[in-house]
Amino acid sequence: KAGVTQTPRYLIKTRGQQVTLSCSPISGHRSVSWYQQTPGQGLQFLFEYFSETQRNKGNFPGRFSGRQFSNSRSEMNVSTLELGDSALYLCASSPQDKRAETQYFGPGTRLLVL
Amino acid sequence: KNQVEQSPQSLIILEGKNCTLQCNYTVSPFSNLRWYKQDTGRGPVSLTIMTFSENTKSNGRYTATLDADTKQSSLHITASQLSDSASYICVVSTQTGANNLFFGTGTRLTVIP
């Protein structure tokens, strides 16, 4: 069974631009969560989707948004990029509808904002 | 306030030696505790998961312990290998609330030959 895949793996943008990241969960998994990871803050929860609905949301500004499609694939969008948005963005999927179940992480997308 | 604290922040050990990483939490009500290993530039991979009734769980050379009374967990690595060099993240989940996962900031382990 293929693992969680994320595209692109690396991305360089400039301030003010927007970016869209993609995540394909493990086949059969319906819950997808997104995290931002920076050296100083560790893993910070962005949001979680289940069956195309956002179930939970972390404390991030409205510039961060996401969506989930009927095939459970998910996208995350960041508008008006800021230097502080440079981070590793991780996607995790789980089979059940509770995020507390075992999550399987993708390799992440490394975003650098110049 | 629900928090997870890990210590030390970083650790350097010689190949073949043992080490122990610590995780203290204040998350309540407790549901389970997980240890993840994250190689540089990669996503975290689950090592162990323990519920309230479990106080030890092993995965090869990795052994996690949990003391639910003192709200402490440790991850013991035996006979370390160069491939153990990674960040180790402690994650505690609670039974209630929308945001029910709490992450530690991790311990960066470096194993040197």
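So that the names make sense, note that chain A is the first sequence line, chain B the second, and so on, each numbered from 1.
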Quiz item: Would the number of heavy atoms belonging to other residues, nucleotides or ligands and lying under 6.0 Å from CD of A/Q17 be above 12?
Solution: yes
Quiz item: Between B/S87, B/S46, B/G43, B/P44, which shows the greatest number of heavy-atom pairs under 4.5 Å with chain A?
Solution: B/P44
Self-check item: Atom pair CD/CD of A/Q37 and B/Q38 - distance to nearest 0.5 Å
Solution: 4.0 Å
Quiz item: Honestly curious: do B/L82 and B/L75 fall in one hydrophobic cluster under the side-chain, below-4.5 Å linking rule?
Solution: yes
Quiz prompt | Inter-chain contacts: residues 6-15 of chain A against chain B, heavy atoms under 4.5 Å | solution = A/R9
Quiz prompt | Residues of residues 105-114 of chain A near chain B, each having a heavy atom less than 4.5 Å away | solution = A/F105, A/G106, A/P107, A/R110
Self-check item: B/S74: partners by side chain to side chain contact (heavy atoms under 4.5 Å, CB included), with sequence neighbours left out
Solution: B/T20, B/Q22, B/T65
Quiz prompt | ring pair (Phe, Tyr, Trp, His ring centres under 6.0 Å) partners of A/Y49, counting only residues at least two apart | solution = A/F47
Quiz prompt | For the student: nearest non-hydrogen atoms of B/L101 and A/Q103, plus distance | solution = CD1-OE1, 3.5 Å
Self-check item: Within 6.0 Å of CZ in A/R73, more than 12 heavy atoms from elsewhere
Solution: yes
Quiz item: What distance separates B/F103 CZ from A/Q44 CD, expressed to the nearest 0.5 Å?
Solution: 9.5 Å
Quiz item: Side-chain heavy atoms under 4.5 angstrom apart, residues restricted to Ile, Leu, Val, Met, Phe, Trp, Tyr: same cluster for B/V27 and B/F52?
Solution: yes
Practice problem: Under 4.5 Å heavy-atom distance to chain B, tell me which part of A/L43 shows up: side chain, backbone, both or neither. | Solution: both
